[in-house]
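Please read these numbers as outputs of a predicted model, since none were measured by experiment.
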Amino acid sequence: MSPDFELLVVGGGPAGLSAVRGFRDAGGEGRVAIVSDEHRMPYRRPPLTKELLRGEISEDELPLEDETWLAKNGVSLVSGRAVALDVAAHEVSLSGGRQLTYACCVLSTGSEPTRLPVRGADDPSVRVVRSLDHVRELLHRLSPGGEVIVIGSGFIGCEIAASLRRRDASVTLVSDEPAPNGGRLGARAGAEIARWLRDEGVRLELGVAVEAIERHGQLLRVSAGSTSVTGSLVVMAAGVAPRSELLLAYGTPLEDGAIPVDASMRTALPDLFAAGDVCKAENATAGRSLRVEHWGDALAQGEVAGRAAARERAEWGEVPGFWSTIGGHTLKYAAWGDGYDESRFESPSGGGFVVWYGRDEHIVGVLTHRADEQYERGRRLIEEGAPWA
């Protein structure tokens with residue numbers, strides 16, 4: 001009996017759409033479907049915490065393709081959430097009882113925001129930002145001049161804090177890091193980001209761990225050590241976790257909570273691939289597995305998975321990288337992402353800066369601000385395994 005779909009993609013984000021594109025570009029034929037629990041066309045997520053949250057673009061500018069693309073490429077968009085996977089039967093079960101069979105399947109379920117394990121973290125006024133619906137709800141609850149507390153100083157937390165300030169909200173950012181993104185980028189780069197946030201009018205409470213969130217009438221109080229901050233709304237940006245639960249029934253060993261795949265995005269299970277935030281993938285250039293959560297790499301991995309599903313030779317080998325906009329400042333970052341043991345901060349002319357990261361006497365990362373030529377050069381040096389000097 002023929003399967004329902006030659007290629008079934010579970011997840012309607014960038015990796016899922018890119019998998020379908022890759023499959024068709026490689027000559028893949030037959031019926032194709034994308035299962036999405038957001039009930040809309042795949043869309044760009046980076047603007048959610050930047051241009052969209054700042055009110056600079058509309059929702060209409062987010063979709064990666066319009067709906068006519070589906071018919072042109074012979075693709076079905078199936079609304080629903082996958083709740084079970086039967087690898088032996090090549091079958092995916094959706095909430096509501098529908099079952100879909102496949103010849104090949106790509107899991108691109110992405111990741112979901114985590115909440116700190118503290119009292120009050122599940123209060124309705126404690127929001128997260130990962131989807132368009134999250135942004136809609138956040139903006140619905142945002143009152144003019146309202147006081148917002150952002151928990152977390154990674155890229156997402158910093159972007160949200162700066163964007164909300166541009167909507168004239170009063171914003172306090174609370175983090176256990178001594179400097180924003182200090183753990184990933186180093187103290188000097190973190191100090192620059194802290195200055196940008198302060199220039200935007202964001203109040204910073206750094207080096208304090210959140211212990212509790214308590215409701216007092218219409219207000220929430222965030223307690224962190226000796227610090228106490230009160231606001232009408234809290235946005236938690238404490239990281240994300242891979243949505244890898246479909247493989248738990250198989251006892252598949254996960255790595256950092258993610259699905260391990262080779263450089264062609266193949267899992268250890270037959271005819272099953274994974275791409276994007278949900279996987280930890282072998283990088284053919286780095287020669288080791290990497291866990292990345294970047295938009296561009298989700299696109300790249302999805303294309304590899306789709307081409308491999310169409311039986312074309314394809315491998316993921318790009319240096320992971322992304323851009324972040326914090327207020328009026330843009331950072332560009334490329335790195336293998338699994339650590340460094342030394343760094344070097346440079347301030348070329350023009351008001352920008354470059355940070356180089358090294359490990360085991362090789363360049364493994366670069367961060368730039370207003371130094372685009374150094375960013376492109378840095379990616380080449382990382383890929384080449386250039387020596388640290």
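- Put simply, the side chain of D277 does not reach to within 4.5 Å of the side chain of P242, judged on heavy atoms.
- In Q218, the CD atom is not crowded: 12 or fewer heavy atoms of neighbouring residues, nucleotides or ligands sit closer than 6.0 Å.
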Exercise for the section: Apply the test salt bridge (Lys or Arg N to Asp or Glu O under 4.0 Å) to residues R136 and E59: give CA-CA distance (whole Å), side-chain angles for both, the deciding distance (0.1 Å), then the verdict. Expected result: CA-CA 10 Å; R136 288 174 173 173; E59 293 181 7; 2.6 Å; yes

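- Using the six-membered ring where Trp is involved, F345 and F353 have ring planes that are parallel, under 30° apart on the 30 and 60° scheme.
- Within the structure, the ring-ring contact (aromatic ring centres under 6.0 Å, His included) test picks out no pair touching residues 35-58 (sequence neighbours left out).
- The existence of a salt bridge linking D37 and R243 is confirmed by a sub-4.0 Å separation between a basic side-chain nitrogen and an acidic carboxylate oxygen.
- Salt-bridge formation is detected for the pair D256/K280: a Lys NZ or Arg NE/NH1/NH2 atom is positioned less than 4.0 Å from an Asp or Glu carboxylate oxygen.
- Between the side chains of D66 and T68, a donor-acceptor pair is found at a separation under 3.5 Å.
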Exercise for the section: Take D338 and R359 through the test side-chain contact (heavy atoms from CB on, under 4.5 Å) and record every step on the way to the result. Expected result: CA-CA 10 Å; D338 51 358; R359 189 175 75 175; 3.6 Å; yes

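- The pair E245-R81 meets the salt-bridge criterion, since a charged nitrogen lies less than 4.0 angstrom from a carboxylate oxygen.
- R165 and S170 share no side-chain donor-acceptor pair at under 3.5 Å.
- Of the inter-residue distances, the one linking S324 atom OG with E159 atom CD reads 3.5 Å to the nearest 0.5 angstrom.
- Salt bridge absent: R380 and E376 never bring a charged side-chain N and a carboxylate O closer than 4.0 Å.
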Enumerate, atom names and distances included, each donor-acceptor pair closer than 3.5 Å involving a side-chain atom of residues 142-155, sequence neighbours excluded.
residue: S153; atom: OG; partner: S175; partner atom: OG; Å: 2.7
residue: S153; atom: OG; partner: E177; partner atom: OE1; Å: 2.6

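- Within the 4.5 Å cutoff, side-chain heavy atoms of L197 are placed close to those of I193.
- Note that the NE2 atom of H369 and the OH atom of Y375 stand 15.0 Å from one another [nearest 0.5 Å].
- Tested against V135, the residues L139, L138, D133 include a single side-chain contact (heavy atoms from CB on, under 4.5 Å) partner, L139.
- Ring to ring, W388 and H362 are not that close: their centroids are 6.0 angstrom or more apart.
- A salt bridge does not link R198 with E200: none of the charged nitrogens is closer than 4.0 Å to a carboxylate oxygen.
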Practice task
Could you walk me through whether V240 and R130 pass the side-chain contact (heavy atoms from CB on, under 4.5 Å) test, one step at a time?
Solution key: CA-CA 9 Å; V240 296; R130 185 67 177 178; 4.0 Å; yes

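- Ion pair E214/R119 flagged as a salt bridge, since at least one NZ, NE, NH1 or NH2 atom sits closer than 4.0 Å to an Asp/Glu carboxylate oxygen.
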Sequence neighbours excluded and cut-off under 3.5 Å, please list the side-chain donor-acceptor pairs for residues 261-272, or say none.
residue: D262; atom: OD1; partner: S264; partner atom: N; Å: 2.8
residue: D262; atom: OD1; partner: M265; partner atom: N; Å: 3.1
residue: D262; atom: OD1; partner: R266; partner atom: N; Å: 2.9
residue: S264; atom: OG; partner: A314; partner atom: O; Å: 2.6
residue: T267; atom: OG1; partner: L269; partner atom: N; Å: 3.1
residue: T267; atom: OG1; partner: L269; partner atom: O; Å: 3.3
residue: T267; atom: OG1; partner: L272; partner atom: O; Å: 2.9
residue: D271; atom: OD2; partner: H90; partner atom: NE2; Å: 2.7

